[in-house]
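One structure is given below, encoded as structure tokens.
Predicted model only: the values in this text are computed from it and were never measured. Residues: numbered from 1 along the sequence shown.
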Amino acid sequence: MSSLQIEQIDVLLVPVDGSKGSHKAVRLAAGMAQAQGAELELLYAFPANALELIGPLGETASAEQLKYLNTETFDKLRQDSARKVFDDALAQIPPDQHGRVKEVLLPGDPAEAVLKHANTCKNPMIVVGSRGLSRVRELLLGSVSQRLVHHAHCPVTVVH
């Protein structure tokens, strides 16, 4: 007879983006972290640089247009965006738990950044919200949660 072994989860990683789905994931993960004595990390991914942010438009933009996307301006945009998303996520957690929450700002594509970060953590579990795309749109477009489920080397819980 085999028995089910539940591995210890040391850190719960929650990608956040300000959506209702990520808020649900934060609430669930906060409860799990408190019950298990695990760490809770809120992860926010933002493009690594201005060209990554504007995507294909950057290829046709002139040097004159790109000067407005200088490093200082881009860094402020990144920090302001992260602060808003982290504050929205923290609002989902009881205030007495805020001191035990770590905020991590990651560069790059959300799914890739979360997967890379998870590989640096000891016994992680990812708790991610679902965008709620229809099955057809999700099949055609994909989603961060779908990519995490298929590529993570740790447990992933998708909250609907």
Side-chain angles (χ1 to χ4, degrees), residues 6-56 69 73-160:
I6 298 175
E7 293 185 30
Q8 172 66 33
I9 302 297
D10 292 325
V11 60
L12 291 154
L13 306 175
V14 187
V16 294
D17 63 4
S19 68
K20 289 179 183 179
S22 75
H23 290 171
K24 288 179 182 179
V26 168
R27 289 191 296 269
L28 176 65
M32 292 171 66
Q34 188 170 36
Q36 296 179 10
E39 293 179 29
L40 178 61
E41 291 187 8
L42 303 176
L43 310 177
Y44 179 61
F46 197 84
N49 56 56
L51 287 177
E52 190 177 295
L53 176 68
I54 60 175
L69 296 175
T73 303
F74 181 78
D75 288 344
K76 180 168 177 18
L77 176 63
R78 176 191 292 127
Q79 293 301 321
D80 290 349
S81 179
R83 184 74 268 139
K84 179 174 180 359
V85 170
F86 286 140
D87 286 346
D88 286 348
L90 285 170
Q92 308 304 311
I93 301 171
D96 63 327
Q97 284 184 266
H98 287 191
R100 297 177 27 210
V101 176
K102 183 176 177 183
E103 299 170 353
V104 181
L105 178 55
L106 303 169
D109 172 78
E112 291 175 24
V114 170
L115 291 167
K116 184 176 179 181
H117 182 74
N119 287 335
T120 69
C121 297
K122 181 181 176 195
N123 300 322
M125 177 180 197
I126 300 170
V127 181
V128 62
S130 170
R131 281 198 316 194
L133 294 176
S134 72
R135 288 188 187 262
V136 172
R137 287 187 64 204
E138 189 166 305
L139 178 64
L140 295 173
L141 301 175
S143 69
V144 171
S145 58
Q146 184 179 55
R147 288 171 59 198
L148 294 174
V149 166
H150 290 290
H151 299 289
H153 298 304
C154 65
V156 177
T157 296
V158 179
V159 180
H160 292 278

- Message: Check the orientation of F86 and Y44. Use parallel for under 30°, tilted for 30 to 60°, and perpendicular for over 60°.
- Response: perpendicular

- Task: Could you check V101 against L42 for side-chain contact (heavy atoms from CB on, under 4.5 Å), going step by step and ending with a plain yes or no?
- Result: CA-CA 7 Å; V101 176; L42 303 176; 3.7 Å; yes

- Message: Rounded to the nearest 0.5 Å, what separates atom NZ in K102 from atom CG in L12?
- Response: 14.0 Å

- Message: For A29 versus V14, what's the shortest heavy-atom pair and its separation?
- Response: CB-CG2, 3.3 Å

- Spell out, as yes or no, whether a donor-acceptor pair under 3.5 Å connects the side chain of S81 to the backbone of R78. no

- Message: Could you go through M32 and L28, starting from their C-alpha distance and side-chain angles, then the distance that decides it, and tell me whether this counts as side-chain contact (heavy atoms from CB on, under 4.5 Å)?
- Response: CA-CA 6 Å; M32 292 171 66; L28 176 65; 3.8 Å; yes

- Note on the structure: Rounded to the nearest 0.5 Å, the CG atom of L43 sits from the CG atom of L105 at a distance of 10.0 Å

- OG on S22 to CD on Q92, rounded to 0.5 Å: 8.0 Å

- More than 12 foreign heavy atoms under 6.0 Å from CD of E39: is that the case here? no

- Could you give the distance from OG1 (T157) to CD1 (I126), rounded to the nearest 0.5 Å? 9.5 Å

- Task: Identify whether the distance between the nearest side-chain nitrogen and carboxylate oxygen of R147 and D109 falls below 4.0 Å.
- Result: yes

- Exercise: identify the closest heavy-atom pair between I9 and Q36: CB-OE1, 3.6 Å

- What is the minimum heavy-atom distance between L13 and P124, and which atoms define it? CD1-CB, 3.9 Å

- Item | Short N-O contact, D87 and K84, less than 4.0 angstrom | no

- Shortest non-hydrogen contact between L148 and A111, atoms and distance: CD2-O, 3.8 Å

- Task: Run the numbers on D80 and R83 for salt bridge (Lys or Arg N to Asp or Glu O under 4.0 Å), then give the verdict.
- Result: CA-CA 5 Å; D80 290 349; R83 184 74 268 139; over 6 Å; no

- Where do P110 and A45 come nearest, in terms of heavy atoms and distance? CA-CB, 3.5 Å

- In sequence, state the C-alpha distance, the side-chain angles, and the governing distance for H117 and V114, and then conclude on side-chain contact (heavy atoms from CB on, under 4.5 Å). CA-CA 5 Å; H117 182 74; V114 170; 5.7 Å; no

- Query: Between CD of E41 and CD of E103, what distance do you get to the nearest 0.5 Å?
  - Reply: 11.0 Å

- Message: Can you give me the closest heavy-atom contact between S130 and V158, atom names plus distance?
- Response: CB-CG1, 3.8 Å

- Mind checking the CE-CD spacing from M125 to Q8? Nearest 0.5 Å is all I need. 12.0 Å

- Task: Given side-chain contact (heavy atoms from CB on, under 4.5 Å), test L40 with I93 step by step and report yes or no.
- Result: CA-CA 11 Å; L40 178 61; I93 301 171; 3.9 Å; yes

- Query: Is there side-chain contact between V156 and V128, with at least one heavy-atom pair below 4.5 Å?
  - Reply: yes

- Hey, are the side chains of H23 and R27 touching, using non-hydrogen atoms and a 4.5 Å cut-off? yes

